[in-house]
Amino acid sequence: MNTLHLKAEEPGAAGTAAKLLREGRVVAIPTETVYGLAANALDPEAVKRIFEAKGRPQDNPLIVHVASLEEIEPLVSEIPEALCRLAEKFWPGPLTVIMKKSALVPDVVTAGLDTVAIRMPSHPVARQIIKESALPLAAPSANASGMPSPTSALHVINDLDGRIDAVIDGGECEVGVESTVISLVKNPPVLLRPGGISPEQLEEVLGKIEISHAVFEKLDAGEKPLSPGMKYKHYSPKAKVTLIKGEFEKFKAFLEAQKYETCAVCFEGEGKYFGTAVEYGRQGDCADQAEHIFAALRKVDETGCEYAFVRFPDTEGVGLAVYNRLLRSAAFRVIDLDFTIPVYGLTGQTGAGKSTVAKAFAENGFYIADTDILAREAVKNPGVIAELCGYFGADIYEGGELNRRELAKRAFASPEKTALLNKATHPEITRLTFEAIHEGEKAGAKAALIDAPVIFESALTCVCKKIVCVTAPIEERIKRIALRDGITPEETKARMSAQKDEEYYVSHSDVIIENTDIEAAREAVIKFVKEEIQ
Ligand code: TXA
Ligand code: MG
């Protein structure tokens with residue numbers, strides 16, 4: 001299909017769009033929030049074309065766009081009293097209201113629900129096209145399903161050129177995130193999706209409203225969402241996105257500690273501090289962040305980076321919508337670098353007696369984040385499972401359980417394979433480690449210790465005030481490992497030679513604890529704790 005590209009200011013552009021819509025065609029149009037992919041809401045065949053063009057799941061209903069209040073009456077079975085108050089205050093504008101539908105609205109629009117979503121956009125081009133077509137227009141965001149919503153005609157063209165009949169280019173969208181969706185079917189009204197109108201603004205008109213938990217959290221397994229759109233992966237660039245909480249200096253240290261090609265998604269003026277960066281608005285300015293977030297997510301993929309770390313947005317007003325979209329694009333991965341207790345690292349070669357020393361720290365009020373234990377958690381994460389299966393074959397999981405021995409065999413076959421294992425697991429282990437430290441904080445620990453044999457190969461060092469290294473003479477280590485794991489001295493030596501040498505560990509650490517004599521090691525821990533923590 002040849003997609004017609006028209007500038008909104010060209011004479012007759014709106015008329016051409018309206019004509020196509022009346023013929024049952026699909027046309028991308030600008031709105032103040034994001035571009036919409038419109039079709040005649042009363043023509044099921046036309047609406048089906050929207051789903052086809054976007055690759056949208058059939059069970060995700062569409063919003064019906066109107067230009068005046070009179071157009072609503074035939075679409076709903078009753079007009080709730082609150083609608084008039086909302087309309088007076090926020091329409092035309094970035095608000096969508098869910099009401100009971102009438103028989104006139106085809107099932108394909110509402111995905112079989114008995115409710116319909118209605119919105120009156122304020123963008124002059126959208127309004128003109130609705131008026132000239134004299135139709136209610138069903139229109140989801142004009143992106144390929146799963147991609148960030150389009151805020152320019154170019155975004156639409158990148159996703160859908162050749163799949164739709166026309167694009168009307170009305171420049172960049174002002175709001176930048178999709179409309180707020182509120183359901184008036186329930187009492188109190190339920191906010192299903194934050195957007196251009198904030199919950200506070202809504203409460204001024206409606207009184208108390210409820211915010212659906214799906215706004216901030218993953219749906220429970222098997223849960224049926226009030227808004228079907230909530231259950232799909234959304235707004236995702238190809239890069240793996242993680243949201244990072246914490247001030248700029250911490251963000252910077254965290255990114256500098258990364259071992260992989262990463263893209264910093266940061267605020268205006270911060271990009272120059274990173275090798276690869278995309279900026280998404282001024283710090284402290286929610287509206288500016290909203291306006292630029294989707295374009296920024298698209299730019300991340302142009303950098304080719306596999307990982308993107310995003311500065312945490314300001315969450316007031318429309319910022320709540322930015323936060324909600326980022327959470328989804330990050331598949332709910334958030335790392336909080338703001339620790340209220342000091343964090344230290346503990347490392348050492350195999351058999352040096354790290355666990356004994358960690359225990360001594362625990363006895364002195366430290367919370368221990370053991371990365372060996374967390375690594376076992378990490379391999380249960382669906383994203384990690386998918387990555388590991390991709391690298392090492394799906395048969396390393398048997399009936400949902402990881403065959404650790406088989407994985408070790410394949411992953412330690414070469415340094416390249418080991419690097420792939422680390423790539424798949426380290427980011428998740430890091431996230432779990434930081435999450436664990438926050439648990440320790442809540443439990444009242446006075447400090448945290450990250451127990452990690454390969455701490456220098458990870459990004460964990462960036463939060464550590466100091467790194468403590470445990471050492472022991474080689475004969476002693478061989479004896480301990482043989483005793484602990486019941487393996488031969490030869491096997492022990494092979495395992496040891498896979499690690500960096502003692503000189504490497506010592507030169508990268510701040511404090512050395514010699515662990516030949518357990519009592520002496522305990523004393524050293526007590527001395528360290530006294531000096532570090534008042
Ligand atoms: O700003 C916007 O709302 C943009 C522009 C184009 O108007 N449109 C938009 O549409 O974002 P879409 O399809 O990408 O998102 C519509 C959301 C989905 O999450 C959908 O599940 C929800 O609204 N929705 C639609 N009808 C619904 C209904 N009857 N009940 C509950 N949720 C509904
Ligand atoms: Mg959408």
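Side chains are part of it too, since the values below use all heavy atoms of this structure and drop only hydrogens, waters and symmetry mates.
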Engineer: Is it the case that more than 12 heavy atoms not belonging to I518 sit under 6.0 Å from its CD1 atom?
Structural biologist: no
Engineer: Testing the basics here: between F339 and K250, what is the closest heavy-atom pair and its distance to 0.1 Å?
Structural biologist: N-NZ, 4.5 Å
Engineer: Could you go step by step and tell me if E435 and H438 meet the side-chain hydrogen bond (donor to acceptor under 3.5 Å, both in side chains) rule?
Structural biologist: CA-CA 5 Å; E435 207 173 77; H438 287 295; over 6 Å; no
Engineer: Between E490 and K493, does any side-chain N to carboxylate O distance fall below 4.0 Å?
Structural biologist: no
Engineer: Closer than 3.5 angstrom, by distance alone: can the side chain of K186 be matched with the main-chain N or O of S183 as a donor-acceptor pair?
Structural biologist: no
Engineer: Taking the six-membered ring for Trp, are F456 and Y504 parallel (under 30°), tilted (30 to 60°) or perpendicular (over 60°)?
Structural biologist: perpendicular
Engineer: Strictly by modelled atom types, are T516 and E514 linked by a side-chain donor-acceptor pair under 3.5 Å?
Structural biologist: yes
Engineer: Using salt bridge (charged side-chain N to carboxylate O under 4.0 Å, His left out), reason through K259 and E457 one step at a time and then give a plain yes or no.
Structural biologist: CA-CA 8 Å; K259 308 292 175 198; E457 280 93 319; over 6 Å; no
Engineer: Donor-acceptor pair, distance only, cut-off 3.5 Å: does the side chain of K417 make one with the backbone of Y391?
Structural biologist: no
Engineer: Does the E268 side chain pair with the main chain of G281, one donor and one acceptor, at a distance under 3.5 Å?
Structural biologist: no
Engineer: Centroid separation under 6.0 Å, is that true for the rings of F528 and Y344?
Structural biologist: yes
Engineer: Any idea which heavy atoms bring K208 and P188 closest together, and the distance?
Structural biologist: O-CB, 3.4 Å
Engineer: Looking only at heavy atoms, which two atoms of R431 and E428 are closest? And how far apart?
Structural biologist: NH2-OE2, 2.9 Å
Engineer: Going by distance alone, is a donor N or O of one side chain under 3.5 Å from an acceptor N or O of the other, for Q289 and R282?
Structural biologist: no
Engineer: For a side chain to side chain donor-acceptor pair (under 3.5 Å) with E532, tell me which candidate from K527, K446, K466 qualifies.
Structural biologist: K466
Engineer: For the backbone of K252 and the side chain of Y273, can you confirm whether one donor and one acceptor N or O come within less than 3.5 Å of each other?
Structural biologist: no
Engineer: Using a strict threshold of under 4.0 Å (side-chain N to carboxylate O), is an ion pair present between R410 and E406?
Structural biologist: yes
Engineer: Assess, by modelled atom type and distance only, whether the side chains of R193 and S179 contain a donor and an acceptor separated by less than 3.5 Å.
Structural biologist: yes
Engineer: Heavy atoms, side chains only, cut-off 4.5 Å: are E502 and T471 in contact?
Structural biologist: yes
Engineer: Considering residues, nucleotides and ligands other than K423, do more than 12 of their heavy atoms fall under 6.0 Å from its NZ?
Structural biologist: yes
Engineer: Does R333 use its side chain to pair, donor to acceptor, with the backbone of L243 at less than 3.5 Å?
Structural biologist: no
Engineer: Between L255 and T262, which heavy-atom pair has the shortest distance, and what is it?
Structural biologist: CD2-OG1, 4.0 Å
Engineer: Could you walk me through whether E306 and K238 pass salt bridge (charged side-chain N to carboxylate O under 4.0 Å, His left out), step by step?
Structural biologist: CA-CA 7 Å; E306 276 184 87; K238 289 175 199 79; over 6 Å; no
Engineer: Parallel, tilted or perpendicular: which fits the ring planes of F267 and Y280, with parallel below 30° and perpendicular above 60°?
Structural biologist: tilted
Engineer: Would you say R484 has more than 12 foreign heavy atoms packed within less than 6.0 Å of its CZ?
Structural biologist: yes
Engineer: Tell me if a side-chain donor or acceptor on D314 pairs with a main-chain N or O of E316 at a distance below 3.5 Å.
Structural biologist: no
Engineer: For Y323 and F312, I'd like to know if the aromatic rings sit close, meaning centre-to-centre distance below 6.0 Å.
Structural biologist: yes
Engineer: Can any side-chain N or O of T371 pair as donor or acceptor with the backbone N or O of D451 at less than 3.5 Å?
Structural biologist: yes
Engineer: Please check if the number of heavy atoms outside E203 that lie under 6.0 Å from its CD is greater than 12.
Structural biologist: yes
Engineer: Are F309 and F251 close enough, and set up right, to give a ring-ring contact (aromatic ring centres under 6.0 Å, His included), and what steps lead you there?
Structural biologist: CA-CA 9 Å; F309 294 102; F251 178 81; 7.7 Å; no
Engineer: Could you pull out the closest heavy-atom pair between N60 and R56, with the gap in Å?
Structural biologist: O-NE, 3.1 Å
Engineer: Please walk me through it: do T33 and E178 pass side-chain hydrogen bond (donor to acceptor under 3.5 Å, both in side chains)?
Structural biologist: CA-CA 5 Å; T33 56; E178 308 87 340; over 6 Å; no
Engineer: With the threshold set at 4.0 Å, does a side-chain nitrogen-carboxylate oxygen contact exist between R480 and E476?
Structural biologist: yes
Engineer: Write down the atom of R328, the atom of E217, and the distance for their closest heavy-atom approach.
Structural biologist: NH2-O, 4.2 Å
Engineer: Could you check, using the six-membered ring where one of them is a Trp, whether F392 and Y397 have ring centers closer than 6.0 angstrom?
Structural biologist: no
